[in-house]
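Heads up: numbering here begins at 1 and tracks the sequence. Just so it is clear, the model here is predicted, and its values are computed rather than measured.
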Amino acid sequence: MTVLGTAVQLPPAYGLSGLGLLGVCLAPALAMAVQCAAVAVLLRRARRRQDETVGSLARVA
């Protein structure tokens, strides 16, 4: 996720640099939000797969 965060952070940091300190602080905040959203999606997918696996094993037994 660190590479994704860097890739997401640099373009907005350059674009928002005209806002001064606010832009500098906003860029990492946006990058962190994107990383958290990506982790949430990955966790949700992992839970669904785990639930499907447990359900299929219970049916077989």
Which pair of non-hydrogen atoms, one from P12 and one from A27, has the smallest distance, and what is that distance?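 Nearest pair, atom of P12 first, then A27: C-CB, 4.1 Å.
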Considering non-hydrogen atoms only, spot the tightest contact between C25 and P28 and give its length.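 Heavy atoms only, the tightest pair is O-CD, 3.3 Å.
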Between CD on residue Q35 and CD on residue Q9, distance to nearest 0.5 Å: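 So the CD of Q35 and the CD of Q9 are separated by 8.5 Å.
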Spatial distance of atom CG (L21) from atom CG (L26) [nearest 0.5 Å]: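 Those atoms lie 11.0 Å apart.
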